[in-house]
Amino acid sequence: QVQLVQSGGGSVQAGGSLRLSCAVFVYTYSSYCMAWFRQAPGKEREGVATIDSDGITTYADSVKGRFTISQDNAKNTLYLQMNSLKPDDTAMYYCAEGICPSQMLWWGQGTQVTVSS
């Protein structure tokens, strides 16, 4: 069993920054893609960013240039650096591991990000 534990959410003013973390607490020999998703009330879940086993990244157009996904393999931790935050970024954010983007196998518990203007 693989467990993903998230941290780093909170409230911030527009233009501010947050860094989300996602720690993998159960070791696996398998290599998978990792990703960040978000969901705001009344909206569908949205893919935010992905990073594959080769370090290749993708971003949603809405966050490109503002968010950065990265991974520290030594610490088994995934990060999402969020800069220039906007109120539209307000959502519950989830990290996930699996086959990007449609077959994610393990999910974090989610963390709330609230951006005020």
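The first residue of the sequence shown is numbered 1, and numbering continues consecutively from there.
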**Student:** Checking Tyr79 side chain against Thr68 main chain: does a donor-acceptor pair fall under 3.5 Å?
**Tutor:**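 Side chain of Tyr79 to backbone of Thr68, a donor-acceptor pair under 3.5 Å: no, none is there.
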**Student:** Check the orientation of Trp106 and Tyr32. Use parallel for under 30°, tilted for 30 to 60°, and perpendicular for over 60°.
**Tutor:**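 If you compare the ring of Trp106 with that of Tyr32, the planes turn out perpendicular.
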**Student:** Would you check if Leu78 and Glu97 make a side-chain contact, meaning some heavy-atom pair closer than 4.5 Å?
**Tutor:**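 No; the side chains remain at least 4.5 Å from each other.
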**Student:** Can you find a heavy atom in the side chain of Met34 that is under 4.5 Å from one in the side chain of Cys95?
**Tutor:**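 No. Closest side-chain heavy atoms not under 4.5 Å.
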**Student:** Mind listing the side-chain donor-acceptor pairs of residues 42-49 below 3.5 Å, one per line with the distance, residues two or more places apart or on another chain?
**Tutor:**
from  : atom 1 : to    : atom 2 : distance (Å)
Glu46 : OE1    : Arg38 : NE     : 2.9
Glu46 : OE1    : Arg38 : NH2    : 3.4
Glu46 : OE2    : Ser62 : OG     : 3.3

**Student:** Taking Gln6 for the side chain and Tyr93 for the main chain, is one N or O donor matched with an acceptor at less than 3.5 Å?
**Tutor:**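 Yes; judged by distance alone, with no hydrogens or angles, the pair exists.
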**Student:** Any chain of hydrophobic side-chain contacts (each under 4.5 Å) joining Tyr94 to Val63?
**Tutor:**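 No, Tyr94 and Val63 fall in different hydrophobic clusters.
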**Student:** What closest approach, in Å, do Val2 and Val24 show between heavy atoms, and which atom pair accounts for it?
**Tutor:**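 Smallest heavy-atom distance, with atoms named: CG1-CG1, 3.8 Å.
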**Student:** Any sub-3.5 Å donor-acceptor pair from Thr57's side-chain atoms to Ile51's backbone N or O?
**Tutor:**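 Checking the backbone N and O of Ile51 against the side chain of Thr57, no donor-acceptor pair under 3.5 Å is found.
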**Student:** What residues, two or more places apart in sequence or in another chain, satisfy ring pair (Phe, Tyr, Trp, His ring centres under 6.0 Å) together with Phe37?
**Tutor:**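 Expected list: Trp107.
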**Student:** Using the salt bridge (Lys or Arg N to Asp or Glu O under 4.0 Å) criterion, which residues pair with Arg66? Sequence neighbours excluded.
**Tutor:**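 Partners of Arg66 under the salt bridge (Lys or Arg N to Asp or Glu O under 4.0 Å) test: Asp89.
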**Student:** Any non-hydrogen side-chain atom of Val113 less than 4.5 Å from a side-chain atom of Leu20?
**Tutor:**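 In contact.
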**Student:** I'd like to know if the side chain of Asp52 and the backbone of Asp54 have a donor-acceptor N/O pair within less than 3.5 Å.
**Tutor:**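 It does hold such a pair.
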**Student:** CD/Gln81 to CG/Leu18 distance, rounded to the nearest 0.5 angstrom?
**Tutor:**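 CG of Leu18 is found 8.5 Å from CD of Gln81.
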**Student:** Does the side chain of Gln13 come within less than 4.5 Å of Leu85's, by heavy atoms?
**Tutor:**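 A side-chain contact under 4.5 Å is absent here.
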